[in-house]
Amino acid sequence: MNCLRLFFIMGRKGGFSSLGGGQTIAHGSFPFEAAYMLGIPSIGISNFTWYTAYQGLIADSLLEPLKKAYEKMTYFFSLTGSEEPDWGMKGTKQFGFFARNVDENEVHRIRKLINTTGDQFVVFFGLGMKIDIEQLERLPIWDSPNCTFIVSSNVQVQRPNVFSIPKDYIESQHYIAAADLIISKPGWGIVSEAVCACKPLLILDRQVMKEDQHTISFLKENHLCKTITWNELHNFIIDEAFIKELRSQYKYAHTFFANEADMISKEILQVLRNK
């Protein structure tokens, strides 16, 4: 049916991976050009594009094909922290954070599993990729008093107070919701799930990636995170003073940041209806 031939491009952390609707499936920024040629509406959803990410790193002449491709998207749904141009030919709309739904019963099960006594401070430690395992194991944070840690299955830190998410468990948002603190890189996906779950964030400050700095700036402006450098993490321990300060700062911080997944879905359906 022609009315369902929507070319839908969705980027979560950034750039654009794609989901195809109707008869068309492709990848990267160039599907916008393909959709344009076929007369199919397209939607870009992201907090950044590769065009702006590489500005200043690559010659403008080499970025021109990306720019021309992005300019052919029909609508641009700009996500929180975005500093992008108004790419959409028919409009750009601003949206906040969105995340997967959370099952409170599952969150309760996880809390009971990793915090049997109920008196532990639970930390979701979202670092580990591309970090040497010996460096990780030597971090003093694991010796933080009365703390239990959740790590991904690829983080091989062997401690009695460290619990790995099972390899076959795909709904990681439940482990984020079960934690009292999220320590992570500023990737938009995990940040969004933490904010939607009303969880305080301790973000590893990375100066290299432009989109990371935009995300961090937004979080700081809205009192949604603290930042820490890799060097500071080498000496960091979660103590009572840190927890007290954290709880005081985040008492009301998340009041106005609802999960906007339904709102985005409705806007997508509206594009379909108006085609």
Return the orientation label for the [X] and [Y] ring planes: parallel under 30°, perpendicular over 60°, tilted otherwise.
| X | Y | answer |
| --- | --- | --- |
| Phe236 | Phe242 | perpendicular |
| Tyr169 | Tyr175 | perpendicular |
| Phe48 | Trp50 | perpendicular |

Modelled atom types, side-chain donor and acceptor of [X] and [Y], under 3.5 Å:
| X | Y | value |
| --- | --- | --- |
| Asp205 | Gln213 | yes |
| Thr117 | Asp119 | yes |
| Thr52 | Glu84 | yes |

More than 12 foreign heavy atoms under 6.0 Å from [atom1] of [X]: is that the case here?
| X | atom1 | answer |
| --- | --- | --- |
| Tyr36 | OH | no |
| His234 | NE2 | yes |
| Asn101 | CG | no |

I'd like to check [X] versus [Y] (side-chain heavy atoms, cut-off strictly below 4.5 Å). Are they in contact?
| X | Y | result |
| --- | --- | --- |
| Leu79 | Ile264 | yes |
| Ile45 | Phe95 | no |
| His214 | Asn47 | no |
| Lys210 | Glu83 | no |
| Ile150 | Ile176 | no |

> Any salt bridge between Arg109 and Glu106, counting N to O under 4.0 Å?
Replying inline: yes

> Got a salt bridge between Lys226 and Glu245, using NZ or NE/NH1/NH2 to carboxylate O under 4.0 Å?
Replying inline: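 Here Lys226 pairs with Glu245 in a salt bridge, since their nearest N and O are under 4.0 Å apart.
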
Check: [X] side chain, [Y] main-chain N or O, donor-acceptor pair, under 3.5 Å:
| X | Y | answer |
| --- | --- | --- |
| Lys199 | Ala177 | yes |
| Gln120 | Asn115 | no |
| Thr229 | Glu232 | yes |
| Asn259 | Ala99 | yes |
| Ser144 | Ile141 | yes |
| Ser78 | Gln94 | no |
| Asp103 | Asn105 | yes |
| Gln156 | Ser153 | yes |

Which distance, rounded to the nearest 0.5 Å, do you find between the [atom1] of [X] and the [atom2] of [Y]?
| X | Y | atom1 | atom2 | value |
| --- | --- | --- | --- | --- |
| Phe97 | Leu219 | CZ | CG | 5.0 Å |
| Gln270 | Lys266 | CD | NZ | 11.0 Å |
| Met73 | Thr92 | CE | OG1 | 8.0 Å |
| Glu240 | Asn146 | CD | CG | 7.0 Å |
| Lys67 | Asp60 | NZ | CG | 9.5 Å |
| Asp143 | Ile238 | CG | CD1 | 11.5 Å |

Heavy-atom closest contact ([X] atom, [Y] atom, distance):
| X | Y | answer |
| --- | --- | --- |
| Ser42 | Phe32 | OG-CD2, 3.5 Å |
| Ile110 | Ala178 | CG2-CB, 3.8 Å |
| Val157 | Val162 | O-CG1, 3.8 Å |
| Ile182 | Ala194 | CG1-CB, 3.9 Å |
| Ser172 | Glu193 | OG-OE1, 4.5 Å |
| Ile203 | Pro186 | CG2-CB, 3.7 Å |

Please check if [X] and [Y] belong to a single hydrophobic cluster, counting links between Ile, Leu, Val, Met, Phe, Trp and Tyr side chain heavy atoms closer than 4.5 Å.
| X | Y | result |
| --- | --- | --- |
| Phe257 | Val102 | no |
| Val271 | Met263 | yes |
| Ile237 | Leu127 | no |

>> Between Thr74 and Ile40, is the side chain to side chain contact (heavy atoms under 4.5 Å, CB included) condition met? List the steps.
In response: CA-CA 9 Å; Thr74 314; Ile40 301 171; over 6 Å; no

> Could you go step by step and tell me if Trp87 and Tyr51 meet the ring-ring contact (aromatic ring centres under 6.0 Å, His included) rule?
Replying inline: CA-CA 11 Å; Trp87 291 112; Tyr51 173 73; 5.7 Å; yes

> Between Trp142 and Phe125, is the ring centre distance below 6.0 Å?
Replying inline: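 Ring centres of Phe125 and Trp142 closer than 6.0 Å.
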
> Between Glu267 and Phe77, is a side chain to side chain contact (heavy atoms under 4.5 Å, CB included) present by the stated rule, with each step listed?
Replying inline: CA-CA 9 Å; Glu267 289 292 336; Phe77 290 3; 3.8 Å; yes

> When you look at Asp180 and Arg111, which way does the side chain to side chain contact (heavy atoms under 4.5 Å, CB included) test go after all the steps?
Replying inline: CA-CA 10 Å; Asp180 299 304; Arg111 289 281 301 189; 3.3 Å; yes

> Which is it for Leu246 and Phe121 under the side chain to side chain contact (heavy atoms under 4.5 Å, CB included) test, yes or no, and what are the steps along the way?
Replying inline: CA-CA 12 Å; Leu246 191 75; Phe121 187 77; 3.9 Å; yes

